[in-house]
Amino acid sequence: MREPHLDSNPPILDALGRPLRSVRISVTDRCNLRCQYCMPEEDYAWLPRKEVLSFEEIAQLADLFIDFGVRKIRLTGGEPLLRHNLPELVRLLAAGGRLQELALTTNGLLLARFARDLRDAGLQRINVSLDTLQSERFFALTKTRSHAAVLEGLNAAREAGFINIKVNSVIVRHFNDDEVADLVAFGRRESAEVRFIEYMDVGGATRWSMDQVVPAAEIVARVEKHFGPASTEPAPAGAPAQRFRLADGTVFGVIASTTQPFCKSCDRGRLTLDGVWFQCLYATRGINLKALLRGGASREVIANTVARAWQARTDRGAEWRRQLPERGVLFPVAELRKDPHREMHTRGG
Ligand code: SAM
Ligand code: SF4
Ligand code: SF4
């Protein structure tokens with residue numbers, strides 16, 4: 001990758017002064033797991049294939065975001081490695097050399113097959129989601145018997161040369177909260193930084209309830225009980241994770257999205273696989289950029305649309321949710337079926 005031209009494009013600011021720095025792109029709504037906190041239903045309404053952005057269309061929009069000062073793109077889904085020929089998209093996005101970070105979040109199942117190609121194509125960072133070290137528990141959580149494949153995927157990523165691999169673990173009370181210390185030890189063994197994520201009431205989490213959320217403070221206390229005191233580590237601006245260091249040097253992170261949301265510094269937008277631009281994970285409406293793109297709108301018109309929307313942005317979804325006197329699921333199943341854009345796996349987690 002070439003050196004990014006950091007000075008040439010100052011970021012646009014939203015109505016609360018937050019820059020647009022990072023974009024998550026969902027490349028597919030399909031998934032080969034059925035994590036109970038994300039896709040617990042039997043059936044889903046999938047977006048029609050003809051609506052899905054081509055790699056060239058994604059690259060066009062990415063280029064426009066980069067002009068607005070975006071420096072970080074993360075490919076996600078659904079399970080992004082189910083998208084045919086994903087390394088080719090990585091190659092297209094990396095080609096401009098204008099990004100500081102090109103990253104992928106994956107459940108790891110297909111990583112052993114694709115890690116090398118992704119690395120060669122210019123992918124810089126990988127986050128692998130893994131919530132348990134127990135294969136029977138993995139089956140209960142995901143409805144598939146593929147725990148070993150995730151571990152193989154992690155190994156393959158390391159062997160392909162990825163460094164600073166992160167392992168994302170959603171902690172759910174009475175499900176895997178007893179594995180917090182084991183997961184930290186696993187991260188240490190695997191040279192990966194484990195990041196615990198609070199269970200969020202995002203679209204799709206139709207089994208969510210507040211009593212299943214294990215607050216970040218409790219997660220840290222569980223780690224400290226086992227390993228001794230943890231000191232805080234500096235984190236880059238806009239980064240969602242609070243980071244901690246144990247006496248032996250092991251670093252772990254906690255993402256307190258539910259109990260201590262970080263909306264104040266949120267610099268990220270989201271693009272769905274069919275080109276809808278969302279400015280918050282919790283937003284009920286997005287802007288259809290694909291309609292503009294396929295309708296022949298000029299780059300300037302699309303850029304102005306994005307700029308105007310971002311400049312008017314006041315979203316603080318997780319903070320608003322936290323202020324609710326009673327908190328239940330965000331969208332009932334019937335609403336998700338009517339509009340799959342409300343699903344986390346469509347808009348990109
Ligand atoms: N399939 C890929 C994966 O699982 O890594 C990428 C998409 S997934 C939606 C992205 C991240 O969102 C994963 O780390 C997953 O654990 C997290 N996630 C999904 N539902 C969540 C929820 N209800 N609360 C917190 N995190 C969630
Ligand atoms: Fe699939 Fe990722 Fe959601 Fe699990 S968290 S169901 S792997 S999209
Ligand atoms: Fe950003 Fe919305 Fe998440 Fe808050 S809830 S951190 S504004 S995406």
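When a residue number appears, it is its place in the shown sequence, counting from 1. In each ligand, atom 1 is the first atom listed, and ligand 1 is the first ligand listed. Here the structure is a predicted model, which means the values were calculated and not measured.
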Which ligand 3 atoms are under 4.0 Å away from a heavy-atom of [X]?
| X | answer |
| --- | --- |
| Gly317 | 2 (Fe), 5 (S) |
| Tyr282 | 5 (S) |
| Asp315 | 7 (S) |

TODO: Would you indicate whether the side-chain heavy atoms of Ser169 and Val167 approach each other to under 4.5 Å?
DONE: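 Yes; the side chains approach each other to less than 4.5 Å.
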Task: Student check: side-chain heavy atoms of Leu271 and Leu61 closer than 4.5 Å - done: yes
Nearest-neighbour protein heavy atom for [atom], which is reported as residue plus atom name and distance:
| atom | value |
| --- | --- |
| atom 18 (N) of ligand 1 | Met344 CE, 3.5 Å |
| atom 24 (N) of ligand 1 | Met200 N, 2.9 Å |
| atom 4 (Fe) of ligand 3 | Cys263 SG, 2.3 Å |
| atom 26 (N) of ligand 1 | Val170 CG2, 3.4 Å |
| atom 2 (Fe) of ligand 3 | Cys280 SG, 2.3 Å |
| atom 21 (C) of ligand 1 | Tyr37 CD1, 3.5 Å |

Task: Option from Arg188, Arg125, Arg243 for which salt bridge (Lys or Arg N to Asp or Glu O under 4.0 Å) with Glu193 holds - done: Arg243
Would you mind listing which atoms of ligand 1 come within a distance below 4.0 Å of any non-hydrogen atom of [X]?
| X | answer |
| --- | --- |
| Gly77 | 7 (C), 9 (C) |
| Asn168 | 14 (O) |
| Thr76 | 6 (C), 7 (C) |
| Gly78 | 1 (N), 2 (C), 6 (C), 7 (C) |
| Glu79 | 1 (N), 2 (C) |
| Glu198 | 24 (N), 25 (C) |
| Thr105 | 2 (C), 5 (O), 6 (C), 10 (C) |

Task: Min N/O separation Tyr199 to ligand 1 under 3.5 Å - done: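 The answer is no, given that Tyr199 and ligand 1 share no N or O pair closer than 3.5 Å.
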- [ ] May I ask you to check if Arg207 and Tyr37 form a cation-pi contact, with NZ or CZ under 6.0 angstrom from the six-membered ring centre and within 45° of the axis?
- [x]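 Judged by the rule, Arg207 and Tyr37 form no cation-pi pair.
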- [ ] Answer yes or no on whether Arg270 is positioned over the face of Phe278, meaning its NZ or CZ is under 6.0 Å from the six-membered ring centre and within 45° of the axis.
- [x] no
- [ ] Check each of Glu179, Arg137, His147 against Thr132 using the side chain to side chain donor-acceptor pair (under 3.5 Å) test, and report the only one that passes.
- [x] Glu179
Task: Centroid-centroid distance, Trp310 to Phe65, less than 6.0 Å - done: no
Task: Selected option - heavy-atom contact closest to atom 3 (C) of ligand 1, from Gly204, Ser129, Ala205 - done: Ser129
Task: Note: Glu152-Arg113 ion pair, threshold 4.0 Å (strictly below) - done: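 Not counted as a salt bridge, because no side-chain N and carboxylate O are separated by less than 4.0 Å.
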Open item on the list: Run the side chain to side chain donor-acceptor pair (under 3.5 Å) test on Glu79 and Thr106 for me, step by step, so that the C-alpha distance in whole Å, both residues' side-chain angles and the decisive distance to 0.1 Å come before the verdict.
Closed with: CA-CA 6 Å; Glu79 175 44 42; Thr106 171; 2.7 Å; yes
Task: side chain to side chain donor-acceptor pair (under 3.5 Å) between Thr206 and Glu41, intermediate numbers included - done: CA-CA 8 Å; Thr206 49; Glu41 305 304 323; 2.6 Å; yes
Open item on the list: Applying a heavy-atom cut-off of 4.0 Å, say which part of Leu33 lies close to ligand 1: side chain, backbone, both or neither.
Closed with: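 It is neither; nothing of Leu33 touches ligand 1.
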Task: Protein N/O/S neighbour count - atom 4 (Fe) of ligand 2, strictly under 2.8 Å - done: 1
